[in-house]
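Below, read A as the first sequence line, B as the second, and so on, with proteins coming before strands; counting in each chain starts at 1.
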Amino acid sequence: MSDGATPLPKPSSSVKLVLLGEAAVGKAPNMTQSSLVMRFVNNDFQDNKEPTIGAAFLTQKCTLPTRTIKFEIWDTAGQERFASLAPMYYRNAQAALVVYDITKPASLIKAQHWVAELQRQASPGIVIALVGNKLDLVASAGSDGEEVEGEDARGVPAAQARSYAEEEGLLFFETSAKTGERVAEVFTAIAGAIPETQLKGPRGGQRVEERRVE
Amino acid sequence: MASTPIIEKPVPTPARPPVARKFNSPFSWLSRATTGTDKKPASPPATSPPPHDRRNTTSTVGSNSELMLSKLDEGDEPGSATKSRHSQSSLKDRFKIVRMREEAGISAFDEGSVPEATNGGVFGNFMGRSASVASPTSPSIAEKDESFAPTMKHSASSPGPSPITRKPTINPNLPPGTVSGMSTAPDADAEVDWDLWQAVVNEGPAAVARSSPEQLNRAIAGGIPQAIRGVIWQVLAMSKNEDLEAIYPQLVARGSDKPNINGNTADGNSSSNRSSKGKESLASSASSIHSDNSTPPMADGATSPSLETLAVTSRLAALKARPDPTSEQLAKLHKLEKAIKRDLGTRTSYSKYIMAAGLQDGLYGVCKAYALYDEEVGYAQGMNFIVMPLLFNMPEEEAFCMLVRIMYQYGLRQMFIQDMPGLHLHLYQFSRLLEDLEPALYCHLHRRGVSPNLYATQWFLTLFAYRFPLQLVLRIYDLILSEGLEGAILKFGIVLMQKNRETLLGMKDMSALTNFLKDRLFDVYIDKAPSASSILDSGFFGSALNGVDREVYRADMLVQDACSVKITPEMLASYAAEWEEQQRAESQRQNELQILKSQCTSLQSQVRRLEEAAEQSDTEHVQVASELVRIKVENEELQDQNESLKGQVEELKNVVAHQTEEVEARLRAEMDAVMQRNIEVHNLNRAVEEEKQEMERALVDTKLRLAQINSEYEAIKQKWASITQMLNS
């Protein structure tokens with residue numbers, strides 16, 4: 001995002017990304033999925049924002065070596081009751097971020113439900129990333145978190161989630177929205193994983209045309 | 001309250017006597033006649049007030065008095081004389097007090113108390129302290145006092161010869177909220193029609209709607225005076241239900257170790273309710289009385305109030321009969337409490353108002369009580385936003401009844417139950433209305449992928465309380481409660497889109513559109529040049545903490561615009577039918593899809609099986625073919641072999657045929673030779689035998705000769721011996 005020296009503007013396209021995951025139930029003022037996005041969008045972490053009703057909308061650009069990607073992020077409400085609204089948001093989405101809390105095994109199960117639903121209902125070829133958040137709470141674990149797990153707050157072994165992700169063909173990360181650890185990486189990886197052909201879809205193309213007309 | 005300094009607002013208007021008046025002054029009650037005449041001149045603005053000077057003192061000046069008043073019942077010491085009233089009449093009484101006070105033009109605070117108020121302390125106090133307000137409410141006094149009204153009217157509420165000059169005089173430099181202004185704004189030229197409101201309270205909205213529908217509509221569209229808003233809301237919704245109020249503290253207290261944590265309110269409530277138990281039945285009958293006249297909001301539920309009452313009573317019985325919660329239930333309860341607590345404080349709407357800080361317990365209580373009352377719905381985010389505007393206008397147990405009423409009777413519940421069918425329906429209706437009424441805008445948004453689902457969900461699930469300014473939301477609630485939920489929210493949604501049509505059409509970018517739709521939609525109603533009275537209005541709930549939301553909105557215009565949107569029940573019904581049809585078709589399609597999918601998979605497996613079989617037979621075929629080829633080749637080889645062998649045989653036969661003669665010839669020759677030889681050998685043999693006989697004869701001769709020799713030898717030997725003897729001798 002910093003190398004503004006390129007003489008020609010890189011091809012840019014927009015990607016609709018939907019954020020799914022269980023509500024951060026019970027955890028005192030702590031991060032919800034949306035904080036992950038807040039961290040990404042503003043490089044900021046808000047402890048206590050108003051609850052999301054329906055979905056919140058955010059945008060953020062992500063620069064890859066060959067192109068620029070503008071994420072249109074739909075952050076859905078986490079409460080179970082709002083699950084029936086999710087299809088409105090993941091319809092036509094090119095990417096999905098399914099978040100769980102690495103201290104709570106139940107949240108991974110919920111995440112797996114979302115993954116299954118996405119694979120069943122969302123557009124085929126959607127890029128799904130599985131993200132275990134709250135890495136900061138298992139501070140003793142290294143950045144990979146594989147060797148040194150156990151005695152602390154971790155409830156989901158990284159290896160378990162990773163093997164699940166590999167089975168289903170998902171991208172997999174463990175992040176901390178609070179410290180910002182590996183957050184940007186997630187989005188860069190998603191941007192990189194979206195096939196070039198998808199980006200030339202009707203939405204992206206239309207945009208370019210419009211700009212030319214203007 | 002007697003202890004609070006009650007001083008008339010220091011209004012520069014000279015004609016206004018700075019009279020300090022006690023609340024319980026019996027003289028402040030105004031007669032019907034007075035207001036009537038007062039209203040008739042229609043008050044043409046002789047002194048050309050500022051464009052948005054929308055109020056005369058009677059309605060603007062005032063206080064949070066109704067909030068205190070609404071506490072009256074609950075706050076009074078047990079055993080007070082006011083207890084023996086059923087709920088309907090208590091609302092009536094409350095209304096009378098407010099009207100009395102309003103028309104007298106007494107303010108609850110003087111400005112001197114304002115600095116304290118902004119510190120947040122006074123509001124809290126004043127919520128709790130209202131208990132001390134005396135009860136001047138017995139109807140008989142009020143009636144008697146009517147005669148005093150005309151005189152009082154002049155001294156108290158009409159500061160000058162012309163009523164129009166009674167514009168509220170505030171220092172416009174003060175930020176909104178630092179003045180204890182009243183209410184969100186009835187129109188500038190419409191004086192509060194106390195008679196009408198009184199009729200609504202006394203006779204019920206249905207009766208008024210029948211007798212003077214236009215007046216009522218106009219009055220509601222003009223905004224319910226803030227002072228009586230809580231009362232009118234409850235009358236409109238017919239929400240007052242003492243059974244529910246009685247159960248409320250129990251619900252709130254459930255699961256807490258020390259039920260008396262909420263002791264202050266809970267005890268007060270239960271005692272007041274206990275004393276009014278005898279009248280409970282009246283409350284329900286009061287609501288059913290009007291059930292046959294379908295006022296607009298009741299259109300959908302017109303037949304069911306008594307049913308609902310039944311449902312409520314049975315529910316209550318069930319709640320009362322409930323045994324002590326098990327540990328599992330306690331854990332569930334604990335989880336619920338945590339979920340609600342998470343959404344309190346700054347995470348809810350209007351937290352920037354100072355007054356909101358004092359309402360957090362109430363918010364928590366109402367949410368928890370509702371979640372326990374209606375376990376199928378429980379607590380869902382969004383409810384907290386809906387409850388807040390209620391709490392600004394009535395005590396928590398009434399807000400709870402109101403919420404129950406809105407949920408069940410107004411159909412809000414359909415938006416919160418599992419899968420949220422109501423929400424989806426309203427979103428569809430909204431989308432169709434937009435398509436029909438604003439086709440250009442609809443297409444524009446549709447093309448950019450901004451469907452109503454994406455922005456209107458928040459409006460409907462929170463009844464616009466999620467982002468919208470409180471000034472507007474209260475007015476939206478007015479209309480919802482009087483007209484019904486469905487029509488009102490759709491009208492407001494549509495009117496906001498219409499008002500912003502040009503701006504929206506000018507935006508090309510999806511994110512700009514989305515953000516505008518979320519946050520800036522109501523900006524068209526910002527009052528650029530707010531009048532003093534509207535500043536007053538906006539500050540009613542205490543100043544905004546950070547100075548945000550200082551805007552003053554033209555709520556009247558919004559409501560007028562919304563009312564002018566032509567949405568008929570028939571349209572909505574037809575859209576609803578369409579939606580249901582679509583849903584049905586959709587579910588049919590889903591089913592069909594499901595069936596087709598399963599068929600497809602079975603066929604696929606069949607195909608796979610057949611393919612496997614085909615493959616197998618293919619390989620077999622190949623094998624057979626190659627075998628055949630191999631055999632053919634072999635065959636040819638064998639034929640060749642055969643040919644050669646045949647030749648060989650021929651040759652051999654030839655050979656064999658010739659050989660016999662040869663062999664015979666040779667054999668004969670050989671035999672001849674052998675014969676010859678045999679004869680030769682035979683002859684030889686005979687010669688040998690003859691030789692042998694000869695030799696045998698020779699032998700015999702020899703042997704004879706030997707014997708002769710031997711006898712000669714012997715004779716010689718004897719001679720030798722006789723000689724030797726003769727010699728020796």
Side-chain angles (χ1 to χ4, degrees), chain A residues 14-16 18 22-30 32 41 46-61 70-94 106 120-121 201-204 206-207 209-211 213-214, chain B residues 334-339 341-351 377-386 415-421 423-424 427 447-462 465-467 508-519 590 597:
Chain A
S14 35
V15 165
K16 183 176 169 188
V18 64
E22 198 186 44
V25 205
K27 274 281 159 220
N30 236 317
T32 60
V41 171
Q46 292 183 346
D47 247 2
N48 211 357
K49 66 193 270 293
E50 61 194 17
T52 311
I53 304 288
F57 177 75
L58 301 148
T59 57
Q60 175 66 7
K61 281 207 179 89
K70 184 180 166 203
F71 280 112
E72 292 169 354
I73 303 168
W74 286 100
D75 172 22
T76 61
Q79 241 191 3
E80 181 64 35
R81 185 65 46 82
F82 297 100
S84 75
L85 304 181
M88 303 193 297
Y89 302 107
Y90 66 63
R91 194 172 297 145
N92 302 327
Q94 288 135 294
R120 205 171 55 244
Q121 311 267 28
R203 278 161 60 81
Q206 193 188 343
R207 294 269 161 96
E209 271 172 34
E210 273 170 19
R211 257 173 227 146
V213 169
E214 282 163 27
Chain B
H334 186 63
K335 209 172 153 195
L336 171 74
E337 286 174 353
K338 252 169 123 182
K341 276 187 185 142
R342 246 182 93 236
D343 292 340
L344 294 180
T346 52
R347 277 169 67 83
T348 189
S349 52
Y350 313 122
S351 54
V377 166
Y379 169 74
Q381 284 169 342
M383 282 181 196
N384 49 341
F385 292 92
I386 293 176
M415 292 214 268
F416 280 104
I417 57 175
Q418 203 59 44
D419 293 340
M420 305 184 150
L423 175 67
H424 290 285
L427 285 173
R447 212 170 296 146
R448 285 170 182 68
V450 185
S451 74
N453 295 339
L454 303 183
Y455 53 88
T457 301
Q458 294 171 348
W459 303 348
F460 296 164
L461 269 186
T462 63
Y466 189 57
R467 292 283 168 135
K508 302 280 183 213
D509 185 54
M510 182 209 182
S511 50
L513 280 168
T514 309
N515 288 329
F516 181 85
L517 284 165
K518 196 164 75 184
D519 285 331
Q590 288 293 340
K597 265 184 187 168

Stepwise side-chain contact (heavy atoms from CB on, under 4.5 Å) check, A/Y89 with B/T457
CA-CA 12 Å; A/Y89 302 107; B/T457 301; 3.8 Å; yes
Give, as side chain, backbone, both or neither, the part of [X] having an atom under 4.5 angstrom from any heavy atom of chain A.
X: B/F460; answer: neither
X: B/T462; answer: side chain
X: B/K518; answer: side chain
X: B/H334; answer: neither
X: B/I417; answer: backbone
X: B/L454; answer: both

Considering non-hydrogen atoms only, spot the tightest contact between A/Q79 and B/Y379 and give its length.
NE2-O, 3.7 Å
How close do A/S84 and B/D419 get, heavy atom to heavy atom, and via which atoms?
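Scanning both residues completely, I find the closest heavy atoms to be OG-O, 3.2 Å.
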Closer than 3.5 angstrom, by distance alone: can the side chain of A/R81 be matched with the main-chain N or O of B/V377 as a donor-acceptor pair?
yes
[X] versus [Y]: any side-chain heavy-atom pair under 4.5 Å?
X: A/M88; Y: B/L427; result: yes
X: B/M510; Y: A/S14; result: no
X: B/L423; Y: A/F82; result: no

Separation of A/W74 CH2 from B/T514 OG1 (nearest 0.5 Å)
4.5 Å
